[in-house]
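Read through the structure below, which is laid out as structure tokens, and then see the notes.
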Amino acid sequence: MAENKDTVTVVGAGLVGSLVAVYLAKRGHDVEVLERRPDMRREVVDAGRSINLAISTRGLHALRQVGLEDEALRHAIPMRGRMIHPPQGALVFQPYGKDDSQHINSLSRAWLNQFLMTAAEATGKVRIRFKQRVTHADFSTGVLTVRDDATGEERREATRVLLGTDGSASAVRQGLEQVPGFAATQEQLGHGYKELTIPAGPGGAFQMEKHALHIWPRGTFMLIALPNEDGSFTCTLFLPWKGPVSFESLDSPARLEAFFAERFPDAKALIPDLTEAFFARPTGSMVTVKCAPWHVGDRALVLGDAAHAIVPFFGQGMNCGFEDCVVLDGLLAQRASWDGVFAEMTRLRKTNADAIADMAVENFIEMRDSTGNPRFLLEKAVEKVLLNAFPGEFVSRYTLVSFSRVPYRLAYEVGAIAGGIVSELADGLSRAEDVDLERAGRLIRSRLVPFMKEHADGFRAEG
Ligand code: FAD
């Protein structure tokens with residue numbers, strides 16, 4: 001058990017910072033959280049990126065460990081699959097899992113952040129100080145430079161143990177760049193995003209299928225929509241920054257209206273304020289951040305997006321950050337001090353964070369392009385047949401990432417093997433029902449099952 005009860009300084013009261021504060025408080029630490037924004041429970045503030053987000057098994061498990069899952073699920077809308085809106089023809093529903101029990105959940109980011117801040121404060125051991133912006137972190141001394149955004153005053157604050165959960169543009173990570181041996185890369189995606197709203201219909205009715213993540217795949221760009229509790233949907237348009245169809249080219253109301261009328265006519269009919277919203281709302285950017293090591297001795301650690309920002313196409317950024325909290329807590333449970341805890345975090349988590357970062361980029365291509373493609377639809381259908389016909393033997397990458405806690409690295413590797421099997425079986429098929437189950441069994445037992453046996457420890461981390 002951790003006997004050392006140092007006060008921990010956490011920079012950033014976003015999703016991960018607030019949750020890690022709950023975990024640390026439950027282990028007996030006093031926690032000081034410095035947050036640059038005002039308190040969003042008292043003042044209207046932009047909750048940051050994306051109005052809603054998808055939480056799945058890893059994130060829910062992290063909430064469950066500290067007794068917060070049930071309340072979160074009361075505010076969540078289950079999404080059982082993707083509802084594809086093709087350019088022409090009928091909608092196609094692709095279930096996410098083997099049955100409805102395997103679903104992801106749409107949750108308001110602002111609600112979740114406020115809920116976690118309140119839960120942290122309710123422990124009696126966490127103090128969140130708002131409008132406190134860290135402008136510099138000096139790891140030779142452990143001193144932070146903090147600007148009070150309310151008064152404009154700047155001060156220096158000493159820390160003993162520091163956690164940087166200040167998001168993808170982390171000031172703490174920038175401080176790490178001065179430490180010899182630290183390296184970071186940032187890759188901006190060539191696409192940006194814009195959020196739009198489909199309001200609720202009469203009486204708060206959902207105007208599209210409520211229990212689905214809607215996707216309009218269109219090759220180099222796409223639109224998605226997630227349901228909200230009040231009957232509305234938040235749509236996110238992903239477009240290249242520049243080029244023939246891009247944020248740059250949609251530079252007038254007339255061009256925008258024509259673009260939506262041609263490419264997303266059904267969505268256009270449901271977004272009454274399309275033009276005002278499109279030109280009034282900011283365009284967001286997306287970045288993949290990889291860095292190492294995540295720590296400086298036993299003094300400081302970055303986690304969440306500060307350590308591993310990823311693009312949002314697997315719906316895993318927050319889920320991965322919440323899993324960081326669980327792993328950190330597990331290490332603290334085993335040790336009497338901070339000695340080696342942060343180094344072990346880097347060792348355990350870095351490879352997994354890199355794996356989900358790469359899978360998220362790959363999923364972007366799948367979502368915007370392949371979900372509308374007949375071959376892709378056939379492979380998804382074959383995958384579903386195999387999931388049902390070979391329970392415990394056949395697993396898919398999506399299932400492992402979203403519905404298990406199997407380390408992301410293993411999910412990545414298994415996904416490549418499983419994907420190869422599906423692709424071979426789909427060759428020459430026109431209907432998934434005709435898949436050769438005998439051959440499938442042979443392929444699964446010769447390629448997939450041995451890999452899973454070899455990594456049996458990782459595959460025990462279900463649910
Ligand atoms: P953040 O949420 O960015 O919080 C950082 C906090 O630190 C903020 O409160 C900020 O104000 C504060 N801060 C920043 N700098 C300073 C400073 N210098 N001093 C003090 N405070 C500071 N993930 C999912 O799991 N599922 C999804 O469906 C999903 N959808 C997404 C959709 C979009 C469009 C985007 C962009 C991301 C999505 N994500 C999703 C990813 C998810 O948003 C992030 O992984 C998650 O917010 C990371 O949480 P965090 O606490 O590490 O960082």
Side-chain angles (χ1 to χ4, degrees), residues 9-21 32-40 45-60 62-63 76 79 104-110 112-114 116-117 128-137 144-149 157 162-175 189 191-195 213 224 226 234-238 282-289 302-325 353 356-357 360 363-364 367 401-402:
T9 305
V10 174
V11 180
L15 297 170
V16 175
S18 301
L19 182 62
V20 84
E32 287 277 322
V33 188
L34 301 168
E35 166 56 49
R36 74 172 174 199
R37 291 182 301 196
D39 186 348
M40 63 166 87
V45 279
D46 174 10
R49 297 155 308 153
S50 81
I51 289 164
N52 52 19
L53 29 68
I55 186 163
S56 48
T57 295
R58 294 167 203 266
L60 290 173
L63 295 179
M79 297 183 289
I104 59 176
N105 303 278
S106 175
L107 200 51
S108 152
R109 174 193 288 271
L112 182 60
N113 208 153
Q114 293 175 27
L116 292 175
M117 289 193 295
I128 307 177
R129 290 191 284 157
F130 295 94
K131 301 183 187 170
Q132 305 299 310
R133 181 187 300 266
V134 170
T135 54
H136 183 66
L144 295 178
T145 309
V146 185
R147 189 168 71 230
D148 184 324
D149 276 350
E157 214 165 284
L162 173 68
L163 297 186
T165 53
D166 50 342
S168 58
S170 170
V172 175
R173 193 182 66 242
Q174 277 162 30
L189 200 67
H191 285 61
Y193 71 92
K194 180 87 79 178
E195 290 193 318
L213 191 156
I224 68 167
L226 274 72
T234 303
C235 303
T236 312
L237 174 66
F238 296 95
T283 311
S285 59
M286 290 164 284
V287 64
T288 301
V289 172
V302 280
L303 66 167
D305 275 19
H308 52 73
I310 64 177
V311 296
F313 305 105
F314 226 122
Q316 285 295 312
M318 168 194 64
N319 284 284
C320 180
F322 280 10
E323 201 172 54
D324 291 344
C325 302
I356 189 60
N363 222 39
F364 178 40
M367 284 176 83
V401 167
S402 301

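Just so you know, ligand 1 is whichever comes first in the structure, and atom 1 is the first atom listed for that ligand. Each residue takes its place number in the sequence, starting with 1.
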Ignoring angles and geometry beyond distance, decide whether Leu53 reaches within less than 3.5 Å of ligand 1 through its nitrogen or oxygen atoms.
no
What are the atoms of ligand 1, with element, lying closer than 4.0 Å to any heavy atom of Ala54?
24 (C), 25 (O), 26 (N), 27 (C), 28 (O)
Ligand 1 to Gly317, heavy atom cutoff 4.0 Å, flagged ligand atoms 23 (N), 24 (C), 25 (O), 41 (C), 45 (O)
Side chains of Asp148 and Gln132: donor-acceptor distance under 3.5 Å anywhere?
yes
Under a heavy-atom criterion of less than 4.0 Å, does Gln316 contact ligand 1?
yes
Please work out which of Val172, Leu19, Leu116, Val16 has its closest non-hydrogen atom nearest to atom 49 (O) of ligand 1.
Val16
Considering only heavy atoms from C-beta outward, does the side chain of Phe322 approach that of Val16 to under 4.5 Å?
yes
Any Thr236 heavy atom less than 4.0 Å to ligand 1
no
At less than 4.0 angstrom from any non-hydrogen atom of Leu34, what atoms of ligand 1 do you find?
20 (C), 21 (N)
Using a 3.5 Å cut-off on N or O atoms only, is Tyr193 in polar contact with ligand 1?
no
Ring geometry between His191 and Phe364 (parallel below 30°, tilted from 30 to 60°, perpendicular above 60°)
perpendicular
Per-atom contacts, ligand 1 versus Arg133 - under 4.0 Å to a heavy atom:
19 (N)
Enumerate the atoms of ligand 1 whose separation from the nearest heavy atom of Gln132 is less than 4.0 angstrom.
19 (N), 20 (C)
Proximal candidate to atom 47 (O) of ligand 1 [heavy atom criterion; set Arg147, Glu195, Met117, Arg109]
Arg109
Between ligand 1 and Pro312, is the shortest N or O to N or O distance under 3.5 Å?
no
Residue Thr165 vicinity, atoms of ligand 1 by number, heavy atom under 4.0 Å
5 (C), 6 (C), 7 (O)
Contact check: Asn52 vs ligand 1, nitrogen or oxygen atoms, below 3.5 angstrom
no
Any donor-acceptor N or O pair under 3.5 Å, side chains Ser56, Gln316
yes
Validation row: His308, Ile356 side chains within 4.5 angstrom (heavy atoms)
no
What I'd like to find out is whether the side chain of Met318 reaches to under 4.5 Å of the side chain of Arg109, using heavy atoms alone.
no
For ligand 1, which atoms, with element, lie under 4.0 Å from some heavy atom of Gly14?
4 (O), 6 (C), 9 (O), 51 (O)
Judged by heavy atoms only, the candidate from Asp166, Leu15, Val287, Thr234 nearest atom 13 (N) of ligand 1 is Asp166
Could you tell me whether Leu303 and ligand 1 have an N or O pair separated by under 3.5 Å?
no
Do Leu189 and Phe313 have side-chain heavy atoms sitting under 4.5 Å apart?
yes
For Val134, counting its heavy atoms only, list the atoms of ligand 1 lying under 4.0 Å from any of them.
17 (C), 18 (N), 19 (N), 20 (C)
Do any nitrogen or oxygen atoms of Ser168 come within less than 3.5 Å of a nitrogen or oxygen of ligand 1?
no
State, with a plain yes or no, whether a side-chain heavy atom of Asp39 is found less than 4.5 Å away from one of Met117.
yes
Does ligand 1 come near enough to Val11 that some N or O of the ligand is less than 3.5 Å from an N or O of the residue?
no
Pairwise side-chain contact, Leu19 with Leu63, heavy-atom cut-off 4.5 Å (strictly under)
yes
Quick one: does any side-chain atom of Asp305 pair with a main-chain N or O of Ser170 as donor and acceptor, under 3.5 Å?
no
Heteroatom distance test (Gly304, ligand 1): nitrogen or oxygen, under 3.5 angstrom:
no
Side chains of His136 and Leu144, heavy atoms from C-beta outward: is any pair under 4.5 Å?
no
Would you mind listing every salt bridge (charged side-chain N to carboxylate O under 4.0 Å, His left out) that reaches into residues 307-325, with sequence neighbours excluded?
Arg58-Glu323, Glu323-Arg349, Asp324-Arg349
Is there a polar contact, in the sense of an N or O pair closer than 3.5 Å, between Ala171 and ligand 1?
no
Given 3.5 Å as the limit, does a donor-acceptor pair link the side chain of Thr288 with the main chain of Ile310, or not?
no
What about Glu35: any of its N or O atoms under 3.5 Å from an N or O on ligand 1?
yes
Thr145 side chain vs Thr135 backbone, donor-acceptor pair below 3.5 Å
no
